[in-house]
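Single-structure report; data block below.
In what follows, every chain begins at residue 1, and chains take the letters A, B, ... in the order their sequences are listed.
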2 protein chains.
Amino acid sequence: MTSERERAYHHGDLRRVILDAALDVIATNGPGALSLRDLARRAGVSHAAPAHHFKDRTGLLTAVAAEGYALFADALAGAPDLRERGVAYVRFAATHPAHFRVMFQPDLHRTDDPDLLAARARATEALREGVADLPPAGRGEDDRLAGVAAWSLAHGFATLLLSGALTDAMEGRDPEEAFRSLAGLIFTAEGRGGG
Amino acid sequence: MTSERERAYHHGDLRRVILDAALDVIATNGPGALSLRDLARRAGVSHAAPAHHFKDRTGLLTAVAAEGYALFADALAGAPDLRERGVAYVRFAATHPAHFRVMFQPDLHRTDDPDLLAARARATEALREGVADLPPAGRGEDDRLAGVAAWSLAHGFATLLLSGALTDAMEGRDPEEAFRSLAGLIFTAEGRGGG
DNA sequence: CCGGCATCTAGTCATTGACAAGTTCAGGCG
DNA sequence: CGCCTGAACTTGTCAATGACTAGATGCCGG
């Protein structure tokens with residue numbers, strides 16, 4: 001049975017295999033359930049193999065976060081306006097729950113990692129661009145607050161969604177669509193915006 | 001031989017001591033850094049003492065979450081209107097970061113724990129009351145969405161705050177006050193009041 | 001053919017969570 | 001007073017894990 005599938009040494013792309021397995025575990029059972037040895041077993045390699053690619057457990061999570069920010073930046077880039085960028089934010093969280101969760105838990109990864117910083121800078125830039133086309137509210141102070149508000153709204157929705165807190169609040173409804181109308185409710189209609 | 005300070009057996013309130021130590025660790029280094037043995041060492045008891053009060057590591061975190069929801073419900077109860085309830089939401093997160101973080105990570109605790117469920121129900125009720133005094137927007141569907149929106153806004157702000165993502169967006173500014181004006185920006189009609 | 005190098009293996013150690021069994025203490029009851 | 005029951009805590013132990021070290025393996029260029 002040890003045919004060409006397992007070519008022993010030089011696995012081919014062990015790094016990716018480990019990463020994918022890690023994402024699977026994190027999405028299912030959370031980052032706490034992550035075990036390097038378990039991942040090694042899944043990949044059919046020795047218990048120390050992952051360490052060569054990621055150094056650490058923290059190193060693995062750092063790689064996850066970095067990849068997450070990169071994908072995140074790409075996901076945000078395509079959106080035409082602020083609202084769709086928010087939708088993209090939510091969609092990313094729903095599509096890449098493991099990445100998302102690790103990204104926003106700084107104590108899980110090494111925050112000074114160069115790759116991570118670069119990817120995060122890209123994502124931040126994408127977010128800023130999105131906020132740029134907010135209707136000019138007033139003074140610059142309010143603009144900044146409005147940006148934080150938009151960010152908070154999308155992030156809160158995404159976070160609650162992943163934590164399962166919204167499951168009964170919107171039974172079987174499509175999260176993206178829900179957020180879209182929710183954002184319309186707030187950001188478009190002037191006058192009684194919040195109503 | 002051991003002086004009266006440490007009355008050996010029957011520590012007095014070991015449960016609370018362990019809980020407080022746990023909260024300290026979680027707030028500082030995150031839930032992943034939590035070690036029952038470490039907590040035992042801090043409290044000056046044997047390595048198995050915590051298990052008697054919390055059964056498990058998960059049991060300890062469940063207790064943290066339950067306590068968190070109880071405190072949360074109390075914190076929300078005092079607020080006069082929706083906006084102030086949001087402020088209370090943010091304040092709770094800032095004041096009880098460890099509780100907050102554990103509360104919204106279901107894979108950390110036992111979600112079927114009776115105490116947890118009871119406390120969470122109280123908190124949920126307090127949240128619902130807050131949403132109830134939203135201006136009636138239109139149909140019930142929109143009302144529900146508006147509630148989710150308010151919740152998302154507060155939760156997102158609180159979460160981003162705790163993850164440190166807002167640190168440079170609001171340098172040295174008081175988070176509560178920032179959220180208050182932010183919420184005013186969005187939820188009050190046209191008067192984008194004092195920022 | 002050979003040497004360097006990244007990749008992976010094998011072995012080891014301290015730490016941890018979980019469990020089992022024993023010990024200490026307080027309070028109730030005869 | 002003496003016993004006894006149960007809660008609180010200790011001691012001992014085991015498997016699993018993260019991290020480290022040294023060594024084996026195979027690819028690639030010269």
Side-chain angles (χ1 to χ4, degrees), chain A residues 2-22 24-26 28-65 102 105 107-110 113 115, chain B residues 1-22 24-26 28-65 102 105 107-110 113:
Chain A
T2 69
S3 57
E4 73 281 7
R5 180 172 49 88
E6 34 185 297
R7 41 193 72 167
Y9 270 83
H10 295 84
H11 186 285
D13 202 354
L14 181 59
R15 185 185 150 92
R16 175 110 303 270
V17 171
I18 298 275
L19 263 177
D20 287 341
D24 184 39
V25 172
I26 296 172
T28 310
N29 300 346
L34 206 69
S35 150
L36 291 181
R37 288 174 114 102
D38 177 48
L39 299 179
R41 271 188 296 258
R42 292 185 183 217
V45 294
S46 85
H47 62 94
H52 186 269
H53 291 277
F54 302 103
K55 164 84 177 172
D56 252 352
R57 209 183 97 106
T58 305
L60 171 58
L61 289 166
T62 303
V64 168
V102 176
Q105 270 184 299
D107 43 65
L108 288 183
H109 46 71
R110 245 177 292 271
D113 180 80
D115 290 352
Chain B
M1 316 319 135
T2 57
S3 64
E4 73 281 9
R5 178 172 52 84
E6 34 186 298
R7 41 194 74 164
Y9 270 85
H10 297 85
H11 186 285
D13 202 355
L14 180 59
R15 186 185 149 93
R16 174 108 309 267
V17 171
I18 298 274
L19 263 177
D20 287 341
D24 183 39
V25 172
I26 295 172
T28 311
N29 300 346
L34 204 70
S35 152
L36 290 181
R37 288 174 114 101
D38 176 48
L39 299 179
R41 272 187 295 258
R42 293 186 184 216
V45 294
S46 86
H47 63 92
H52 186 267
H53 290 278
F54 303 103
K55 163 85 177 172
D56 253 352
R57 210 184 96 106
T58 305
L60 171 58
L61 288 166
T62 303
V64 168
V102 176
Q105 271 186 299
D107 43 66
L108 287 183
H109 45 71
R110 246 177 291 270
D113 180 80

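One finds a side-chain N or O of B:Arg41 lying less than 4.0 angstrom from the OP1 or OP2 phosphate oxygen of C:dT16. Contact annotation: A:His52 side-chain N/O to C:dC8 OP1/OP2 distance is not under 4.0 Å. Between B:Ser35 and C:dG17 there is a side-chain N or O to OP1 or OP2 distance below 4.0 Å.
Both A:Asp38 and A:Ala51 lie close to DNA chain D; mapped to their nearest nucleotides by heavy-atom distance, the more 5′-ward contact belongs to A:Asp38. Along DNA chain C, the nucleotide nearest A:Arg37 and the nucleotide nearest A:His53 are compared for position; the residue whose nucleotide lies closer to the 5' end is A:His53.
Per the geometry, NZ belonging to A:Lys55 stands 17 Å off P belonging to C:dC8, to the nearest Å. In this structure, B:Arg16 places its CZ atom 18 Å from C1' of D:dA8, rounding to the nearest Å. When the C1' atom of D:dG18 is taken as reference, atom CG of A:Leu61 falls 13 Å away, rounded to whole Å. Between the C1' atom of D:dG18 and the NE2 atom of A:His47 lies a distance of 11 Å, rounded to the nearest Å. If you measure from atom CZ of A:Arg57 to atom C1' of C:dT15, you get 14 Å, rounded to the nearest angstrom. Rounded to whole Å, the distance from CG on A:Leu14 to P on C:dT9 is 8 Å. The distance from atom CG of B:Leu36 to atom C1' of D:dC9 is 15 Å, rounded to the nearest whole Å.
For the pair B:Thr62 and B:Asp56, the minimum side-chain heavy-atom distance is 4.5 Å or more. A 4.5 Å side-chain heavy-atom check between A:Val25 and A:Arg42 finds at least one atom pair inside the cut-off. Residues A:Val102 and A:His109 have side chains in contact (heavy-atom distance under 4.5 Å, counting atoms from C-beta outward). Put simply, the side chain of B:Leu34 reaches to within 4.5 Å of the side chain of B:Leu39, judged on heavy atoms. Counting heavy atoms from C-beta outward, B:Leu14 and B:His53 have side chains that approach closer than 4.5 Å.
Residue-level contact check: A:Leu34 touches the backbone only, with heavy atoms under 4.0 Å from sugar-phosphate atoms and none from bases. Using a 4.0 Å heavy-atom criterion, one finds that B:Arg15 contacts no nucleic acid atom at all.
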